[in-house]
Every structure is written in structure tokens, then in C-alpha cells.
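Because the structure is a prediction, the values reported are computed rather than measured. These values consider heavy atoms only, across backbone and side chains, with no hydrogens, waters or symmetry-generated copies.
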Amino acid sequence: MKRKGIKEVAAAAGVSVATASYVLSGTGRPSAQTRKRVLEVADQLGFIRDASAARLRTGKSNLVGVILNNIINPFFSELVASLEATVYEAGGLTLLATAQNDLVRQEQLLASMVAQGVGSVILSPVHGSTTDDLAPILAHGLPLVVCVRDVVGSQAAFVGVDDEKSGYLAAECLLAAGHRSIVFIGGYPHTTTWDGRCVGIRKALADAALPEAACRMLPGLMHPDFAEEKMLLLASQGMLPNAVICFNDDQASGAYRASRKLGMIVGRDISIIAFDNIPQGRILDPELTTVDIQPALIGRTSAEFALRRITAKETSAPRRTLEPALIRRASVIST
């Protein structure tokens with residue numbers, strides 16, 4: 001069955017092709033009555049707008065490319081759900097891909113987004129990304145929004161949380177509970193997220209008149225098994241403190257497993273805190289104390305930046321740093 005086109009819609013609605021085009025593209029100033037009639041007829045005929053043709057006419061695409069460094073961490077599920085809903089509500093569509101923390105794959109995906117004719121790209125960059133990795137897409141003139149992990153010196157827009165304050169809040173919570181020896185597990189070193197949290201932790205230690213050595217930094221993978229392995233190793237060496245900071249809430253589940261294997265009860269024998277504030281933290285027993293870094297707000301704001309740069313042809317690269325917040329639950333106990 002041949003798909004109905006804009007000429008058939010115009011004829012059935014009793015308006016000119018130009019008027020039908022204005023209504024279906026959301027442009028021009030047709031009356032409310034005319035708009036209602038055209039849209040009703042379009043629905044009845046099963047009219048589907050040709051986005052590629054519209055892009056050729058207007059020079060704009062409502063397709064937003066999204067490249068995440070991974071999708072396994074539930075944090076990104078929260079982020080992308082909010083992002084996708086924001087784009088959809090604005091009449092757009094998202095094209096999602098994951099770079100699997102691979103720089104080569106990220107490079108290829110960025111090139112593919114250009115080839116697909118997206119109107120803008122939202123990128124959560126992989127570990128080791130530099131300004132050189134982003135230069136080709138920026139040189140192409142495609143609006144780029146970097147989220148969560150910044151790429152220092154790039155000309156892209158950015159949305160993320162204050163990482164230094166996040167680290168400070170986590171360490172301060174443990175220090176206020178009386179802990180004087182801490183281990184920070186997970187996170188890729190020399191990224192803005194990990195570096196920022198380390199700076200915040202060290203500042204909290206300094207404010208408590210403690211040396212930097214009071215918190216041992218163990219960067220590395222960000223999945224639960226890594227936290228479990230590191231805690232068991234430290235325990236076997238007699239070096240496991242009774243206060244642990246995990247790089248994210250998902251990783252904290254591994255810290256809980258290690259605690260059980262060691263015969264320790266979280267919230268009684270050991271304190272655990274993490275970052276993200278995803279629903280999973282409420283499932284753990286006891287519920288996880290965490291620093292809320294607002295994944296849903298990061299997703300929504302990133303989408304708004306991307307859409308605004310498409311529709312308004314905005315040339316500036318806005319930056320927004322969100323405020324983290326400590327969510328106190330039962331996994332941290334006073335000593």
C-alpha cells in the first residue's frame with residue numbers, strides 16, 4: 001500500500017500543500033482550526049513525516065546521537081532514560097550507542113553519527129579521551145555536549161556534577177562518624193571525575209587535620225567484582241580499614257559481598273559510602289549512604305543543551321556544573 005504524502009493530506013483537508021506543510025512541520029501561522037483539521041486528516045491517512053526530506057529543506061535534524069562509555073552501570077540507565085524522554089517530548093529522536101570504554105570504537109561511533117545526519121551529539125567520553133579525539137566532530141560543525149566526565153580544554157558544551165565537592169561530602173561523612181582510616185576503591189585515574197573526587201577527599205582530610213595517607217586510593221575498574229577483590233586482598237594483608245568509599249553505587253554491592261565473606265556487618269562493623277544515588281542503593285541491606293550526583297538531571301540538561309543548539313543554531317558551548325548532595329542512610333555507623 002502506497003504511503004500517503006503531503007499532497008493527499010492537503011487535498012483531504014481542503015487546504016493548500018503549503019498550508020499542510022506548515023502544519024506538519026510546526027512552522028508558519030495557520031489558525032488553530034486549520035491546524036486541528038490537517039493533523040486529524042494526517043492521522044486518518046496514516047501520514048508519516050519524512051524526516052530526511054525535512055532535513056534537506058530546513059538544514060536541521062531532530063535526531064540526537066548519544067554515545068555512552070558503557071551502559072552496564074545502572075547510573076547510565078537513569079541518565080539515558082531522562083535524556084531520551086526530554087528529546088522525545090521535544091519531538092526528537094535519540095540514536096544510542098555504547099563505546100565500551102574503547103577509544104577506537106568511540107572514534108568510529110562519532111564518525112558514524114556524522115554519517116547518519118544527526119543534529120547534535122551527546123557524549124559521555126571513555127577513559128583517556130582528549131581534545132584531539134573530539135576535534136574532528138567539532139571541526140565538522142556538529143554541536144557536541146559532553147556529559148558526566150569532562151574533557152579538559154575542549155570546545156564542547158558540558159554537563160556534570162561538582163566532583164571535588166562530591167569527594168569532600170563522602171569523606172566528610174565518614175570523618176564525622178569518627179573514622180580515621182579510609183580506602184577509596186575504583187575509578188579510572190587521571191579522569192576529571194576521579195581526580196576531582198580525590199581532591200575533595202584530600203581536602204576533607206586536611207580540614208580534619210589528617211594526612212593524605214589516611215585515605216588509600218585504589219583506582220581501577222568500576223564493577224562490583226573489583227571492589228570485592230580489593231577488599232578481600234586488603235583484609236588478607238591486615239590492611240582493610242573499617243571505612244570504604246566506592247566509586248559508584250553499583251560497585252558498592254561488591255563491597256557488601258566482601259563484608260559478608262569477612263564476617264562483617266555493614267553499618268555495624270564497617271561503613272560503606274558511594275556515589276550516584278540510583279534505586280539499587282535502597283535494595284542493599286542496610287540501605288546505602290551515597291552522594292547524589294543527579295544522573296537524571298544530567299541527562300535532561302544534556303538533552304536540553306543539545307536541542308537548543310539544534311533549534312536555535314546556538315554557537316556558544318554552555319557549561320553547567322550541578323551540586324551534589326549527601327544522602328544519609330544506614331551503611332555508615334559512628335565509631
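- Not counting sequence neighbours, Arg216 has no partner by the side-chain hydrogen bond (donor to acceptor under 3.5 Å, both in side chains) test.
- Other residues, nucleotides and ligands contribute at most 12 non-hydrogen atoms within 6.0 Å of the CD atom of Glu107.
- At least one donor-acceptor pair under 3.5 Å links the side chain of Asn248 to the backbone N or O of Gln251.
- For the pair Cys246 and Ile272, the tightest heavy-atom approach, listed with the atom from each and the gap, is SG-CG2, 4.4 Å.
- For the pair Ser124 and Gln106, the tightest heavy-atom approach, listed with the atom from each and the gap, is O-OE1, 4.5 Å.
- For residues 164-176, the set of pairs meeting the salt bridge (charged side-chain N to carboxylate O under 4.0 Å, His left out) definition, not counting sequence neighbours, comprises Lys165-Glu323.
- Electrostatic pairing of Glu40 and Lys36 counts as a salt bridge here, judged by a charged N lying under 4.0 Å from a carboxylate O.
- Counting non-hydrogen atoms of other residues, nucleotides and ligands closer than 6.0 Å to CD of Gln237 gives a total above 12.
- Take Ser120 and apply the side-chain hydrogen bond (donor to acceptor under 3.5 Å, both in side chains) test, not counting sequence neighbours, and it matches no residue.
- Contact of the Phe75 side chain with the Asp250 side chain is not registered, since no non-hydrogen atoms from C-beta on lie closer than 4.5 Å.
- Follow the hydrophobic side-chain contacts under 4.5 Å out from Val118 and you reach Leu109 in the same cluster.
- Contact record, Ala306 with Val64: CB-CG1, 4.3 Å, taken as the closest heavy-atom pair.
- A donor atom on one side chain and an acceptor atom on the other are not found under 3.5 Å apart for Asp162 and Thr321.
- By the 4.5 Å heavy-atom criterion applied to side chains, Ile298 and Leu322 are counted as neighbours.
- For the pair Arg320 and Phe305, the cation does not sit on the ring face, since its NZ or CZ is not both under 6.0 Å from the ring centre and inside 45° of the axis.
- Under a hydrophobic clustering in which Ile, Leu, Val, Met, Phe, Trp and Tyr are joined whenever their side-chain heavy atoms come within less than 4.5 Å, directly or via other members, Leu103 and Val152 fall into different clusters.
- Between Phe275 and Phe247, the two ring planes are tilted [angle within 30° to 60°].
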Would you mind writing out the side-chain donor-acceptor pairs for residues 221-235 within the sub-3.5 Å range, not counting sequence neighbours?
unit_1	atom_1	unit_2	atom_2	d
His223	ND1	Asp225	N	3.3
His223	ND1	Phe226	N	3.3
Asp225	OD1	Arg257	NH2	2.7
Glu228	OE1	Arg257	NE	2.9
Glu228	OE1	Arg257	NH2	2.8
Glu228	OE2	Lys261	NZ	2.4

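- A donor-acceptor contact closer than 3.5 angstrom links the side chains of Thr130 and Asp133.
- Closest of all the heavy-atom pairs between Leu45 and Ala12 is CD1-CB, 4.1 Å.
- Gln155 meets the side-chain hydrogen bond (donor to acceptor under 3.5 Å, both in side chains) test with no other residue; sequence neighbours excluded.
- Two residues are said to be in side-chain contact when any heavy atoms from C-beta on lie closer than 4.5 Å; Leu175 and Leu205 meet this criterion.
- Here Ser112 pairs with nothing under the side-chain hydrogen bond (donor to acceptor under 3.5 Å, both in side chains) rule; sequence neighbours left out.
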